[in-house]
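Everything below concerns the one structure shown next.
First the proteins, then the strands, lettered A, B, ... as listed; each starts at 1. Treat the numbers as computed from the prediction; the structure is a model and nothing was measured.
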Number of protein chains: 2
Amino acid sequence: MKFDDKIPIYYQIKNYIYRQIIIGELAPGDKLPAVRQLAVDLTVNVNTVQRALGELISEKIIEPQRGKGNFVTEDKQTIEKLKKLLITDQLKELYENLHKLNVTDQEILNYLQDYINERKQVQS
Amino acid sequence: MKFDDKIPIYYQIKNYIYRQIIIGELAPGDKLPAVRQLAVDLTVNVNTVQRALGELISEKIIEPQRGKGNFVTEDKQTIEKLKKLLITDQLKELYENLHKLNVTDQEILNYLQDYINERKQVQS
DNA sequence: TATAGTGTAATAGTAAAATATAACACTAGG
DNA sequence: CCTAGTGTTATATTTTACTATTACACTATA
């Protein structure tokens, strides 16, 4: 996995696991890979993985079971809320950053539409 | 100014100056505040300001004149390009992050429309 | 009961960002 | 020529993220 060197690795790992859960790659009740395995997979230190997991545990997104592993929460509502939160955070960031550049609401929508259209052009 | 502790301060300062230039708060040819003044205004160390300015200089966004100050480039095309780049970067980030959550193109547009509509509701 | 697999935590060391402080180089104006 | 204002650079220190390594605690199972 490639990391953005402007953002703490543990934070990027946290978001990576968020995504795995939201897209169902990790379903409710699923066991996460062992911390040492995650460390190897992501080529980072165990403590860095643990720091990310620690926050996910605090947020009740995963539940640790000593000697067994870490498990995705069974509470689907928590996951659904998380998904909405992440999406809203993204929209908020786009919106605020473009407004700081004096881009209007309508322009934001137009720019996004253009961007999506252009991506389709390139693909085909 | 409030800084995001997940992102280097010098990098946030760089983007702050980008914005000042793009919205015309700093016009082409304008002199920037003195580095020491910027440091005071942003409650940050001179070296941190200098690191941000150093990158802007490398990018030809500002031009330093020893003993006089730092000046915004006169080249309006450079500024226009910068604006487009920043906007595209923002769109790209939104697009990619939402796609990682399995959100489709159409959903992205709808979510953004909803988000903007809701903001208008709240304001009124 | 021994062992392998798991989470958890502590220690020590490294690297990068940021700070405090000082010094140097240039410009403009009295 | 002197001084104030400016950019530029260097040194030492602190803080935080990350790493390497080790150890401990718990679970399941042969």
Salt bridge (charged side-chain N to carboxylate O under 4.0 Å, His left out): pairs with one or both residues in residues 30-49 of chain B, sequence neighbours excluded
none
Give every residue pair that meets the salt bridge (charged side-chain N to carboxylate O under 4.0 Å, His left out) criterion with at least one member in residues 58-81 of chain A, sequence neighbours excluded.
A:K14-A:E59
Take B:Q50 and A:R36, find for each the nucleotide of DNA chain D with the closest heavy atom, and name the residue whose nucleotide sits nearer the 5' end.
B:Q50
With the side chain counted from C-beta on, respond yes when A:Q90 and B:L101 share a heavy-atom pair under 4.5 Å apart, and no when they do not.
no
Is B:R19 close to B:N15 at the side-chain level, that is, under 4.5 Å between some pair of heavy atoms?
yes
Find the distance [X]:[atom1] to [N]:[atom2] and express it as a whole number of Å.
| X | N | atom1 | atom2 | value |
| --- | --- | --- | --- | --- |
| A:Y11 | D:dA17 | OH | P | 13 Å |
| A:K6 | D:dA17 | NZ | P | 17 Å |
| B:K68 | D:dT8 | NZ | C1' | 17 Å |
| B:E63 | D:dT8 | CD | P | 12 Å |
| A:D5 | D:dT19 | CG | C1' | 17 Å |
| A:F3 | D:dA17 | CZ | C1' | 13 Å |
| A:R66 | D:dC24 | CZ | P | 13 Å |
| B:I62 | D:dT8 | CD1 | C1' | 13 Å |

Apart from B:V122 itself, which Ile, Leu, Val, Met, Phe, Trp or Tyr residues share its cluster (side-chain heavy atoms under 4.5 Å, direct or through members)?
none
Could you identify which residues cluster with A:Y10, counting Ile, Leu, Val, Met, Phe, Trp and Tyr as linked when any side-chain heavy atoms lie under 4.5 Å apart, either directly or through a chain of such contacts?
A:I7, A:Y11
Can you pull the contact range of chain B along DNA chain C, 5' to 3', using atoms under 4.0 angstrom from its heavy atoms?
C:dA17 to C:dA28
With rounding to the nearest 0.5 angstrom, report the CG to CD distance, A:L94 to B:E93.
9.0 Å
Once you apply a heavy-atom cut-off of 4.0 Å, does A:R51 come out as touching a base, just sugar-phosphate, or nothing?
sugar-phosphate
Between residues 41-49 of chain A and DNA chain D, which residues have a heavy-atom gap below 4.0 Å?
A:V44, A:N45, A:N47, A:T48
Checking side-chain polar atoms at under 3.5 Å, does A:Q113 have a donor or acceptor matched by the opposite partner on A:N117?
yes
Grouping I, L, V, M, F, W and Y whenever their side-chain heavy atoms are under 4.5 Å apart, do A:L85 and A:L91 come out in a common cluster?
no
Can you figure out which of D:dA28, D:dC18, D:dA25 approaches the side chain of A:P8 most closely?
D:dC18
